[in-house]
Amino acid sequence: MSEPDVTGDPDQKHRIYLVDGSGYIFRAYFAMIRGRGPITRSDGTPTGAVLGFSNMLFKLIQDTQRDGRVSHLAVIFDTSRKTFRSEIFEEYKANRDAPPEDLIPQFPLVRDATRAFNVPAIEKQGFEADDIIATYASQATAAGMETVIVSSDKDLMQLVGGDVTMLDPMKNKMIGVDEVHEKFGVGPDKVIDIQSLAGDSVDNVPGVPGIGVKTAALLINEFGDLDTLLDRAAEIPQKGRREKLLEHADMARLSRQLVTLKQDVELDIGVMDLTVQMPDAADLMAFLNVNEFKQLTGRVKEFFGADFRKDVAELPDMPAPAAGAETAETPAAAVEIDYTTVLEMKDLQEWIDEAYRIGSVAVDTETTGLNAMQASLVGISLSIHPGKACYIPVGHVAPKAQGGFDFDGAEEQAEETGLNQLPKADVIAALKPLLEDPVVLKIGQNIKYDQVILGQEGIEVGPVDDTMLLSYCQEAGQHGHGMDELSRLHFGISPIPFKEVAGTGKSQITFAEVPIDKATEYAAEDADITLRLHQVLKPQLAKTKSATLYETIERPLVPVIARMEREGVKVDAPFLSKLSEDFGARMIELVSEIHNLAGEEFNVGSPKQLGEILFDKMGLSGGKKGKTGAYTTDVNVLESLAADGVELARKVLDWRQLAKLKSTYTDALQAQVNARTGRVHTSFSLAAASTGRLASSDPNVQNIPIRTEEGRKLRNAFIAEPGHKLISADYSQIELRLLAHIADISSLKEAFAEGLDIHAKTASQVFGVAMEGMDPMMRRSAKAINFGIIYGISAFGLARQLDVSRTEAQGYIESYFTQYPGIRKYMDETKAFCHETGYVETIFGRRVHLPGINDKNGARRGFSERAAINAPIQGSAADIIKRAMIRLPGAIADAGLKARMLLQVHDELIFEVPDAETAETAALVTSVMEKAALPAIDVSVPLVVDAGIGDNWGEAH
DNA sequence: GCCGTCACG
DNA sequence: GACGTACGTGACGGCG
């Protein structure tokens, strides 16, 4: 791009580049297709337009680096097609073709590209990019800056003049007043008048029929402006023109409304915040690698060289903003970093006072491990203002000699630990009132963890906001919600990796052994980033319509889950140990039998070796190789071999079942018993499943066996304390009920209202048989169809499930849809909504994003489509049980009962209850669960909960 | 660290 | 005409 002709300008004004991103995508797309044909990366995603865009952006960034006057830069995008213009005039842009299919997946990628280069990507619902550009241009002018609009769109030419110019990025040509005059025959100030008369067939702006740009220019030059022209139209000598103008004066005025760019769009980010920033090397390289832009990678490396990791570009001092211009806050990238270690109580008190003064504080705890129930507190970091954070070490120990750290000077420091830090008890006592104060908001990333940790120090942290959950509520499905990922995404900053302070593998140390200066850098950064994430994510809740979900479901759930984790569940360790021995003994027998049958010894646990035995050595048919070239030996394959009488296959299946039970359950579960509490404390992730479900780990209590008799025994190991029972309460068929409600299927709703056997009812309707005396196979098929529907049915999947031909399965599906046309309608509408918006919603407004929904690859698209059908159902069920969980502790306490909620398994809750209170608790729990959707949503089918009571989980379920 | 397998809703 | 599929998870052992 050539240097604009302002080098000699005595003003030396700062410059802002505003890139018309949406306009550029289309140009890049067609230019690349014409020049190089379709470009795709090796996974098939088309990337031509992304590459063109990235090249252009990189070029622009190079220029901004070389030209010291370029201080600000942003890329502006269109959002949906609905804008305030389509409100005024329905047909506006209505005749546009849908974008080419292989361009659709590139829209989000272009935004990724923008972020990868650490350039602000701006868009706003209801406004076109042009309006936002007009608004920023006017703000920039008011602030005394020069504006360069990077676009060749003639609709933007009305903005040219004064300190605003345009740059055509394809032709690399400046567009100033002269060029606009050349195009429209008038100056930029009259461009709107010309467009109002001439209209625009591409955008469907009507204008006045029969008048094009040439005639319009003639008329405007003669009459001065549009209003004068329309007032005095009667004076026009040419009959045709005169009549058209008189007749279509209103259309001209309407067109003026359409073509006039709005210069006062309300924007969250002011023009002064769009400062030029250095890209983060890791983020940019990751983006370039994923998209396989090899040449560009080379040029990027060459250009940035050694300075690459610098977070902020060095900019010349800004001129004072002109009067009336926005006086922006400090731009995010220019935040000054100030991290300190707190070693004196009076310093700690200053932080506490400031937190009270501001009313909110980001908190992060550092501990000895990831498992909150086993870890102990090492330090606490706080942040109240962006860039400023402190770290309060309380549990550091001198590094072990083997750690390899140089601890010269340890003698100068305090005795016991050998380290200078405040006593933990003093810090806890000082912080407790603040962390429990109801008017000070505590901000955390996955604050449940910190609540569990601090809970063990006697602090009940609250009220809280959680940046992980703020992200999860708004962007589930788009990306993960870990702090590092969010930091890179929102700020382009990669926080110090934990590995960097604690090492990895064998030589890894706990955080307690990390030297305090290094620990401060790491911990303070975490609190700082958390605070900044909160400043970004919290305000956009309203925009994403997620405030209700966050405030009424996710946020209140945090302390409930924290409490469940701290309660834990009692397991019968001696019983598990006996079970384990039993399983182990039988496995040994099976292995020797298997070796005999095979005629040689091999590792039964190796699918590779097993496949070779079965299909190469024994020459059995049915050997299919998977992606890695190894034979498949999964249950389906082995079951069918076993059915053909292959004894070895049956024995391997038995062995596998035992191996699974032993390694994953009996052995692992015993190892998970907490030494301090004697109970097992799972960890529930609140932001793992995109649909809104919880996930459980360490150990996973949501996949304890039940389907086979052997596995079921495991459930008997989950027991109640003496004098107590377990209650298990589960929603009956909640997903099918919600399907009936969401898709509004009257016959299904009636069946549920009447309490019928829903699978039998489906069988009777689909196969046209009576409910009584039905062939059990028919009910089984109907049940599989019902599940299939929830999963976004395919003939292939159903055929596999039922072991029938695909044609047969297709027939079932068709007769199902004939019987329930509303379900097909629901599916079609859900998919269409998702194709349009990129997400689907539950009945409580939870958004689940499906980035693959417009993928060019049919398989990936199909995958997303099925997930789109499933997510509202699975997610609504998750919302409902979460609502119940939030209410239950209070309801139990209000009723004067002592039950404790221990576990959740998607549609089931487990409680530990004193013997005397079981009946009353079961009734209360059932009632709260059944009414959990109310009063927000009156589900049009009854929600039914079944509760069971027993000495262990197996009996209770 | 990925893959195949398998446990659950 | 081919593609490659039921939805959502987590944990294990084998293997490179």
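Chain letters run A, B, ... following the sequence lines, proteins first, then strands; residues in each count from 1. It should be emphasised that the depicted structure is a prediction, and the values quoted were computed from it without experimental measurement.
Using a 4.0 Å heavy-atom cutoff across all strands shown, Ala688(A) reaches sugar-phosphate atoms only and no base atom. Contacts of Ala784(A) with the nucleic acid, taken as non-hydrogen atoms under 4.0 Å apart, include base atoms. Within 4.0 Å (heavy atoms only), Tyr665(A) reaches sugar-phosphate atoms of the nucleic acid but no base atom. Residue contacts shown for Ile793(A) include a base, since a base heavy atom lies under 4.0 Å away. Heavy atoms of Asp698(A) sit under 4.0 angstrom from primed sugar atoms or phosphate atoms, though from no base atom. No engagement by Gly792(A) is indicated, since no non-hydrogen atom pair under 4.0 Å with the nucleic acid exists. When heavy atoms are screened at a 4.0 angstrom cut-off, Ala668(A) is found touching the sugar-phosphate backbone but no base atom. Residue contacts for Arg861(A): at a heavy-atom cut-off of 4.0 Å it reaches no nucleic acid atom on any strand shown. Residue contacts shown for Val701(A) are absent, as no nucleic acid heavy atom lies under 4.0 Å away. Contacts of Asn603(A) with the nucleic acid, taken as non-hydrogen atoms under 4.0 Å apart, involve only primed sugar atoms and P, OP1 or OP2.
One finds a side-chain N or O of Arg707(A) lying less than 4.0 angstrom from the OP1 or OP2 phosphate oxygen of dG9(B). Checking the phosphate oxygens (OP1, OP2) of dT9(C), no side-chain nitrogen or oxygen of Arg693(A) falls inside 4.0 Å. Within the structure, a side-chain polar atom (N or O) of Gln609(A) is placed less than 4.0 Å from OP1 or OP2 of dC15(C). For Thr664(A), no side-chain nitrogen or oxygen approaches OP1 or OP2 of dC6(B) to under 4.0 Å. For Arg656(A), a side-chain nitrogen or oxygen approaches OP1 or OP2 of dC6(B) to under 4.0 Å. Put simply, Thr691(A) has no side-chain N or O that comes within less than 4.0 Å of OP1 or OP2 on dC7(C).
The separation between Leu739(A) atom CG and dG9(B) atom C1' is 16 Å, rounded to whole Å. Separating the CD atom of Gln672(A) from the P atom of dA11(C) is a distance of 8 Å, rounded to the nearest angstrom. Nucleotide dT9(C) holds its P atom 13 Å from the OH atom of Tyr791(A), rounded to whole Å. For the pair Asn700(A) CG and dA7(B) P, the interatomic distance rounds to 13 Å; values are reported in whole Å. In this structure, CG of Leu661(A) is placed 10 Å from C1' of dC6(B), rounded to the nearest angstrom. Rounded to whole angstrom, the span from the CD atom of Glu735(A) across to the C1' atom of dC8(B) amounts to 13 Å. With rounding to whole Å, Gln733(A) atom CD is found 13 Å from dG9(B) atom P. Rounded to whole angstrom, the span from the CG atom of Leu736(A) across to the C1' atom of dG9(B) amounts to 13 Å.
Judged by atom type and distance alone, Arg866(A) does not reach the base of dG8(C) through any side-chain donor-acceptor pair under 3.5 Å. The base of dC12(C) has none of its N or O atoms less than 3.5 Å from a complementary donor or acceptor on the side chain of Lys660(A). At a cut-off of 3.5 angstrom, counting only N and O atoms as typed in the model, there is no donor on one side facing an acceptor on the other between the side-chain of Arg860(A) and the base of dG4(C).
For Ser794(A), taking side-chain heavy atoms from C-beta onward, the closest of the listed nucleotides dG9(B), dT5(C), dC7(C) is dT5(C). Residue Phe863(A) places its side chain closer to dG8(C) than to any other of dG8(C), dC6(B), dG10(C). Side chain of Pro607(A), nearest nucleotide from dC12(C), dT9(C), dG4(B): dG4(B). When the nucleotides dT5(B), dT9(C), dA7(B) are ranked by their closest atom to the side chain of Pro705(A), dA7(B) comes out on top. When distances run from any side-chain atom of Phe796(A) to the nucleotides dA6(C), dG4(C), dC12(C), the shortest one goes to dA6(C). Considering only the side chain of Ser663(A), dC12(C) comes nearest among dC12(C), dG16(C), dT5(B). Ranking dA6(C), dG14(C), dG10(C) by closeness to the Leu798(A) side chain, first place goes to dA6(C).
Looking at Arg715(A) and Glu955(A), no side-chain N of the basic residue comes within less than 4.0 Å of a carboxylate O on the acidic one, giving no salt bridge. Between Lys662(A) and Glu581(A) there is no salt bridge, since none of the side-chain N atoms of the basic residue sits less than 4.0 Å from a carboxylate O of the acidic one. Between Asp466(A) and Lys448(A) there is no salt bridge, since no side-chain nitrogen of the basic residue lies less than 4.0 Å from a carboxylate oxygen of the acidic one. Residues Asp855(A) and Arg861(A) are not paired through a salt bridge, judged by the lack of any N-O separation under 4.0 Å between the basic side chain and the carboxylate. In this structure, Glu292(A) does not pair ionically with Arg41(A), as no charged nitrogen and carboxylate oxygen lie closer than 4.0 Å.
Nucleotides dA6(C) and dT5(B) place their P atoms 13 Å apart, quoted to the nearest Å. Across the P atoms, dG4(C) and dC3(B) are found 15 Å apart, a figure rounded to whole Å. Here, dG4(B) and dT5(C) have their P atoms 11 Å apart, quoted to the whole Å.
Taking a pair to require two hydrogen-bonding distances under 3.5 Å in either a Watson-Crick or a G-U wobble arrangement, dA11(C) pairs with dT5(B). dG1(C): no Watson-Crick or G-U partner with both key distances under 3.5 Å is found in any strand.
Screening Lys651(A), Arg586(A), Arg650(A) for a salt bridge (Lys or Arg N to Asp or Glu O under 4.0 Å) involving Glu593(A) leaves a single residue, Lys651(A). A side-chain contact (heavy atoms from CB on, under 4.5 Å) with Leu739(A) is found for one member of Ile745(A), Ile734(A), Asn786(A), Ile823(A) and no other, namely Ile823(A).
Panel note: side chain Asn870(A), backbone Ile790(A); a donor-acceptor pair is recorded below 3.5 Å.
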